[in-house]
Amino acid sequence: MGKECGKSKTVHAKKCAVTRALEVIGGKWRLPIIWELSAQESMRYNELRRHLDGITNIMLTRALQGLEKNGLVQRVELERIPPHVEYSLTESCKQLLPALEIINEWGKSRMLDAGCEETGSDKNLINTDIK
C-alpha cells in the first residue's frame, strides 16, 4: 500500500495514511482495549478481559496480538510466581490518544444530535493524562 499511495492521484490515495490508521485501530475490540489500557499503566490479561463485557478469550487474544504487531500494545512477561503477562500502551499508541479523544467528543455530539439519551459513561473516555 505504501508505494501505491504516491503513484495514484485520486483523493483516496491522498488519504491512504488515514485509511491505514483506521485499519490498524479498526475492529470491534481494538478501541475498547486501547481505552481500557489508557486508564491504567498496565493490565493483566484477565483484568483486561473483565473490563470488556462480551469479549471472548479468542477475540481478546487476537485483538491484543494485532495491536502488538502494529506497535500499539506492549506485552511483558513477568518472571514471578505465579508467572503472568501484562499489557500496556506503547509510546506510539499514547501519541494517538489525543486524536481518539477528538473522535470521542465528535461521536458524543453526533449521539446528542440524534437524540440518544446515553452518550457513554466516563469509563469509555480516553485518559490523555498518561505519562
Looking at Arg30 and Asn70, what are the two nearest heavy atoms and their distance?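 Nearest heavy atoms, Arg30 then Asn70: NH1-ND2, 4.1 Å.
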
Nearest atoms (heavy-atom pairs only) where Ser92 meets Gly71: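 Minimum heavy-atom contact is CB-O, 3.8 Å.
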
State plainly whether the residues Lys108 and Glu105 are in salt-bridge range, i.e. N to O under 4.0 Å.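 Result for this pair is yes, salt bridge flagged.
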
Could you state the interatomic distance from [atom1] ([X]) to [atom2] ([Y]), rounded to the nearest 0.5 Å?
X     : Y     : atom1 : atom2 : result
Lys28 : Met59 : NZ    : CE    : 8.0 Å
Met43 : Ser38 : CE    : OG    : 10.0 Å
Glu47 : His84 : CD    : NE2   : 9.5 Å
Leu78 : Arg44 : CG    : CZ    : 8.5 Å
Gln95 : Thr90 : CD    : OG1   : 8.0 Å
Glu91 : Leu89 : CD    : CG    : 9.0 Å

Is it true that atom CZ of Arg62 has more than 12 heavy atoms of other residues, nucleotides or ligands lying nearer than 6.0 Å?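 Open: at most 12 neighbouring heavy atoms sit under 6.0 Å from CZ of Arg62.
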
Using modelled atom types only, decide if a donor and an acceptor are shared between the side chain of Asn104 and the backbone of Leu100 within a distance under 3.5 Å.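 No: the side chain of Asn104 does not pair with the backbone of Leu100.
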
Using a 3.5 Å distance criterion without hydrogens, assess whether the side chain of Tyr45 forms a donor-acceptor pair with backbone atoms of Tyr87.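 Answer holds: no.
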
Grouping I, L, V, M, F, W and Y whenever their side-chain heavy atoms are under 4.5 Å apart, do [X] and [Y] come out in a common cluster?
X     : Y      : value
Leu96 : Ile103 : yes
Val76 : Leu37  : no
Ile34 : Leu22  : yes
Val24 : Val18  : yes

Begin with the C-alpha distance, continue with both residues' side-chain angles, and end with the deciding distance and a verdict on side-chain contact (heavy atoms from CB on, under 4.5 Å) for Arg75 and Val85. CA-CA 7 Å; Arg75 180 181 189 269; Val85 176; 3.4 Å; yes

Side chain to side chain contact (heavy atoms under 4.5 Å, CB included) involving Leu52 - partner list, sequence neighbours excluded: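 Applying side chain to side chain contact (heavy atoms under 4.5 Å, CB included) to Leu52 gives Trp29, Pro32, Ile33, Glu36, Leu48, Ile55, Leu60.
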
